[in-house]
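A short worksheet on the structure shown next.
We use all heavy atoms of the structure for the numbers below, so side chains are in, but hydrogens, waters and symmetry mates are not.
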Amino acid sequence: VQLQASGGGLVQVGGSLRLSCAASGRTFSRYAMGWFRQAPGKDRDIVSAISWSGERTYFADSVKGRFTISRDNAKNTVHLQMNSLKPEDTAVYYCVAGENYSDLFRWGNYWGQGTQVTVSS
């Protein structure tokens with residue numbers, strides 16, 4: 001599966017951004033999907049995950065209540081809605097697919113290119 005992330009940009013503190021990831025290749029609906037991020041000088045960490053059906057979701061403590069994840073299996077897309085953005089959300093965000101939901105917590109199986117999110121104070 002090939003993944004293409006988009007939607008990053010520059011936003012002020014408290015603003016919102018919506019990241020999108022378009023998938024092509026093998027059947028999208030069979031994959032769990034997730035978003036990782038990497039800030040300068042820091043490790044790459046999982047931000048959010050969603051199972052193939054959308055029934056299970058995960059959010060890192062740092063984004064709970066501010067970010068939501070959704071997927072549209074008919075359109076082969078997954079979205080990360082980011083609200084109330086903070087400077088510490090500044091990072092490169094990566095879309096990731098996992099053969100299984102649990103794979104996302106072990107770095108997933110397929111990675112897209114990153115999209116830069118910058119939150120200015």
At their closest point, which heavy atom of Ala97 faces which heavy atom of Leu3, and how far apart are they?
-> N-CD1, 3.7 Å
Examine Tyr31 and Ile50 and state if one hydrophobic cluster contains both, with Ile, Leu, Val, Met, Phe, Trp and Tyr joined whenever side-chain heavy atoms are less than 4.5 Å apart.
-> yes
Could you pull out every donor-acceptor pair under 3.5 Å between side chains of residues 16-23 and any protein atom, sequence neighbours left out?
from	atom 1	to	atom 2	distance (Å)
Ser16	OG	Asn83	OD1	2.9
Arg18	NH2	His79	NE2	3.4
Ser20	OG	His79	ND1	2.9

Stepwise, does the side-chain contact (heavy atoms from CB on, under 4.5 Å) test hold for Arg44 with Trp107?
-> CA-CA 9 Å; Arg44 194 174 292 188; Trp107 306 109; 4.2 Å; yes
Can you find a pair of side-chain heavy atoms, one from Ser48 and one from Thr57, that are under 4.5 Å apart?
-> no
Transitive ILVMFWY side-chain link Val63 to Val11, under 4.5 Å | yes
Spell out, as yes or no, whether a donor-acceptor pair under 3.5 Å connects the side chain of Asp72 to the backbone of Ala74.
-> yes
Scanning both residues in full, the closest heavy-atom pair of Asn100 with Asn109 reads N-OD1, 4.5 Å
Just wondering, do Tyr110 and Gln2 contact through their side chains at under 4.5 Å, heavy atoms?
-> no
Gln116 versus Thr90: any side-chain heavy-atom pair under 4.5 Å?
-> yes
Find out whether Leu104 and Ile46 are in side-chain contact, i.e. whether some heavy atom of one side chain is under 4.5 Å from a heavy atom of the other.
-> yes
State, with a plain yes or no, whether a side-chain heavy atom of Pro87 is found less than 4.5 Å away from one of Val13.
-> yes
Here the gap from Glu88 atom CD to Lys42 atom NZ, rounded to the nearest 0.5 Å, amounts to 8.0 Å
Taking all non-hydrogen atoms of both residues into account, name the closest pair between Ile69 and Trp35 and its distance.
-> CD1-CD1, 3.8 Å
If you link I, L, V, M, F, W and Y whenever their side-chain heavy atoms are under 4.5 Å apart, who else ends up in the same group as Trp52?
-> none
Distance in Å, Gln38 CD paired with Asp45 CG, rounded so as to fall on 0.5 Å steps | 8.5 Å
Exercise: identify the closest heavy-atom pair between Glu55 and Ser51 | N-OG, 3.2 Å
Establish, yes or no, whether a centroid distance under 6.0 Å links the rings of Tyr58 and Phe105.
-> yes
Could you go through the side chain to side chain donor-acceptor pair (under 3.5 Å) check for Gln4 and Ser6 one step at a time?
-> CA-CA 7 Å; Gln4 180 76 37; Ser6 62; over 6 Å; no
Side-chain heavy atoms under 4.5 angstrom apart, residues restricted to Ile, Leu, Val, Met, Phe, Trp, Tyr: same cluster for Val1 and Phe36?
-> no
List the atom of Met33, the atom of Cys95, and the distance in Å for their closest heavy-atom pair.
-> CE-SG, 3.6 Å
Atom OG of Ser121 and atom CG of Leu85: how far apart are they, to the nearest 0.5 Å?
-> 13.0 Å
Taking NZ, NE, NH1 and NH2 as the nitrogens, is one of them in Asp89 or Lys86 under 4.0 Å from a carboxylate oxygen of the other?
-> no
So, Tyr94 versus Trp111, ring centres under 6.0 angstrom or not?
-> yes
Is Arg71 close enough and on-axis enough to Phe28, meaning under 6.0 Å and within 45°, for cation-pi?
-> yes
Taking the inter-plane angle between the rings of Tyr93 and Phe67 on a 0 to 90° scale, is it parallel (under 30°), tilted (30 to 60°) or perpendicular (over 60°)?
-> tilted
What is the minimum heavy-atom distance between Thr115 and Gly7, and which atoms define it?
-> OG1-N, 4.2 Å
Got Val117 and Met82 here, is their nearest side-chain heavy-atom distance under 4.5 Å?
-> yes
